[in-house]
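All figures in this text were calculated on a predicted structure; none of them were measured in a lab.
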Amino acid sequence: MSNVSVPPLEICNALPDEVRQWFKEQGYPAFRADQLLGWVFQKGERNIDNFSNMSKTLRDELRDTIILPQYTIVEIQRSAIDNTRKILLELPDGARIETVIIPVREKLSQCLSTQVGCRMGCTFCATAGMGFARHLSAAEILAQVFAVQDILEPEERITNFVFMGMGEPLDNYDNTVRAIRIITDPDMLGYSHRHVTLSTCGLVDKIKRLGDENVPCHLAISLHGVTDEQRSKIMPVNRAGGGLQGLLDALRSYPVQGRKRITIEYILIGGVNDSSADAKKLAKLLAPIRCKINLIPYNPHPGAIFQAPSEASVLAFQKVLIEKNYTAMIRKSGGSDIDAACGQLAGKKAKGD
Ligand code: SAH
């Protein structure tokens with residue numbers, strides 16, 4: 001039988017019911033869909049020849065119709081400091097994206113990109129300087145997960161996913177949410193929603209949608225400013241969606257379950273937003289919101305127009321927040337020797353240097 005008329009199934013763009021539906025439409029028994037999902041997601045087996053509970057005929061049919069994520073690993077950089085690894089991938093159309101593996105104590109986090117470039121224009125961010133090329137599909141987001149599985153040491157396993165790579169996840173809402181569902185669905189990668197974090201610069205209508213649709217992830221907000229004037233200067237997105245107040249209103253009504261809290265990320269940029277007066281304003285702004293705060297000392301990248309904060313100002317900023325009873329942690333970027341740090345994932349390679 002020729003497979004010419006069979007529509008291909010791109011497995012990392014589909015949710016389990018859609019995979020089952022496809023198998024049903026092709027006249028296969030339903031359990032074949034679950035066998036396929038089991039091989040690819042639970043056993044991590046990508047070679048169809050090794051699907052030993054399927055007949056050769058079936059494997060031949062599937063080989064012609066099932067599409068797994070396609071990528072080439074172009075380069076792996078390892079940090080000598082903390083074994084952070086940055087992986088540069090090339091997609092079939094030549095687009096290049098980066099993903100980073102970051103060991104944090106006993107955990108191993110993978111930082112995922114959602115777009116090639118970014119169009120949010122944050123003035124402190126290296127990705128913004130690349131401009132915007134295109135969105136990634138869910139399968140391309142998952143390609144990063146597969147690529148990392150290819151290169152992990154045998155005893156290693158990714159414990160957490162953070163959507164903090166290149167791009168704005170909520171600007172690519174549908175594909176990002178689909179990728180989160182694939183990561184958390186028990187019939188696919190099966191991670192707990194507690195181990196998946198989406199970080200956004202604050203697209204207010206999309207934050208509301210994320211809450212309404214009960215998307216299984218933890219929410220982190222890049223706040224970085226305590227007045228509209230200050231925030232709009234470094235994050236143009238602040239001019240949309242009702243400014244700082246619009247964003248805080250969306251956070252106040254965001255459905256956090258149980259003891260979960262929203263994470264507020266605040267980059268401390270030397271002389272821009274790192275004074276004790278700023279810290280007091282931040283404490284006041286966040287009073288109605290169940291949150292914890294991550295303070296990230298700004299990481300100047302080559303050509304950056306801003307400066308890192310002094311250590312004294314970082315500690316003073318934290319002290320104000322702690323005195324107001326906030327959980328406020330200072331987060332140092334991992335892998336600074338390989339440009340794996342926050343906002344530095346942009347294409348040195350793409351620019352040819
Ligand atoms: N677009 C999303 C996720 C990508 S960036 C967002 O804005 O949240 C992940 C985090 O790194 C964000 O908090 C971002 O503001 C921060 N970041 C970007 N450039 C940085 C830099 N040079 N130093 C420190 N943090 C940076």
Side-chain angles (χ1 to χ4, degrees), residues 7-26 28-46 48 51 53-54 62 65-71 99 101 107-114 135-150 152 156-165 167 169-170 172-200 206-207 209-220 254-258 260:
L9 171 67
E10 195 166 3
I11 185 163
C12 287
N13 269 332
L15 292 167
D17 283 345
E18 294 162 349
V19 176
R20 291 184 192 114
Q21 182 65 24
W22 182 91
F23 272 81
K24 196 170 147 203
E25 279 164 12
Q26 308 323 313
Y28 297 114
F31 71 89
R32 293 295 188 197
D34 291 283
Q35 283 181 335
L36 177 72
L37 291 172
W39 282 114
V40 173
F41 292 102
Q42 270 112 52
K43 300 196 186 79
E45 177 59 65
R46 311 284 152 62
I48 293 179
F51 294 180
N53 53 5
M54 295 183 181
L62 294 184
T65 45
I66 300 289
I67 302 174
L68 288 163
Q70 292 167 48
Y71 55 87
T99 183
I101 326 173
K107 291 188 279 183
L108 195 60
S109 288
Q110 180 173 0
C111 181
L112 296 169
S113 296
T114 53
H135 294 308
L136 296 180
S137 67
E140 289 171 326
I141 296 171
L142 266 295
Q144 301 167 68
V145 177
F146 282 28
V148 159
Q149 289 180 1
D150 294 344
L152 285 179
E156 285 183 318
R157 178 180 176 269
I158 296 295
T159 59
N160 293 65
F161 291 99
V162 294
F163 284 81
M164 295 187 186
L170 294 187
N172 182 14
Y173 186 91
D174 290 338
N175 296 341
T176 297
V177 167
R178 191 161 268 263
I180 291 174
R181 294 200 187 281
I182 291 171
I183 289 171
T184 52
D185 193 295
D187 292 331
M188 298 186 97
L189 286 175
Y191 279 82
S192 159
H193 62 92
R194 283 185 296 274
H195 296 155
V196 179
T197 299
L198 182 150
S199 173
T200 175
K206 300 288 173 43
I207 292 172
R209 199 172 151 200
L210 205 60
D212 290 345
E213 294 177 356
N214 226 340
V215 176
C217 65
H218 179 74
L219 181 63
Y254 189 81
V256 278
Q257 296 132 11
K260 269 173 80 177

Heavy-atom closest pair, residues [X] and [Y]:
X: Thr197; Y: Ala220; value: CG2-CB, 3.9 Å
X: Ala179; Y: Ala138; value: N-CB, 4.1 Å
X: Gln42; Y: Pro186; value: NE2-O, 3.3 Å
X: Val215; Y: Arg181; value: CG2-NH2, 3.8 Å
X: Thr99; Y: Gln110; value: OG1-NE2, 2.9 Å
X: Tyr254; Y: Ile207; value: CE1-O, 3.5 Å

Does the ring center of Phe161 lie less than 6.0 Å from the ring center of Tyr191? yes
To the nearest 0.5 angstrom, please state how far the [atom1] atom of [X] sits from the [atom2] atom of [Y].
X: His193; Y: Ile180; atom1: NE2; atom2: CD1; value: 12.5 Å
X: Ile141; Y: Thr176; atom1: CD1; atom2: OG1; value: 4.5 Å
X: Glu156; Y: Leu108; atom1: CD; atom2: CG; value: 5.5 Å
X: Leu142; Y: Ile182; atom1: CG; atom2: CD1; value: 4.5 Å
X: Leu36; Y: Arg20; atom1: CG; atom2: CZ; value: 11.0 Å
X: Arg178; Y: Asn172; atom1: CZ; atom2: CG; value: 12.0 Å

Please tell me if the side chains of [X] and [Y] come closer than 4.5 Å, counting only heavy atoms from C-beta onward.
X: Thr114; Y: Asn175; answer: no
X: Ile67; Y: Asn13; answer: no
X: Leu62; Y: Met54; answer: yes

Would you indicate whether [X], at its atom [atom1], is surrounded by more than 12 heavy atoms from other residues, nucleotides or ligands within a distance under 6.0 Å?
X: Lys24; atom1: NZ; answer: no
X: Lys107; atom1: NZ; answer: no
X: Arg46; atom1: CZ; answer: yes

Would you check, one step at a time, whether the test side-chain contact (heavy atoms from CB on, under 4.5 Å) holds for Met188 with Val40? CA-CA 8 Å; Met188 298 186 97; Val40 173; over 6 Å; no
May I ask you to decide whether Arg209 forms a salt bridge with Asp174, counting only side-chain N to carboxylate O separations under 4.0 Å? yes
Side-chain donor/acceptor of Trp22 to backbone N/O of Ile11, under 3.5 Å: no
Could you give me the CA-CA distance, side-chain angles and deciding distance for Tyr28 and Gln35, then say whether side chain to side chain donor-acceptor pair (under 3.5 Å) is met? CA-CA 12 Å; Tyr28 297 114; Gln35 283 181 335; over 6 Å; no
Between Val177 and Leu210, does the side-chain contact (heavy atoms from CB on, under 4.5 Å) criterion hold? Intermediate values first, please. CA-CA 8 Å; Val177 167; Leu210 205 60; 4.1 Å; yes
Under the side-chain contact (heavy atoms from CB on, under 4.5 Å) criterion, do Ile183 and Phe163 qualify, and how do the steps go? CA-CA 12 Å; Ile183 289 171; Phe163 284 81; 4.1 Å; yes
Are Thr65 and Leu9 close enough, and set up right, to give a side-chain contact (heavy atoms from CB on, under 4.5 Å), and what steps lead you there? CA-CA 6 Å; Thr65 45; Leu9 171 67; 6.0 Å; no
Ring-plane angle category for Phe51 and Trp39, please: parallel below 30°, perpendicular beyond 60°, tilted otherwise. parallel
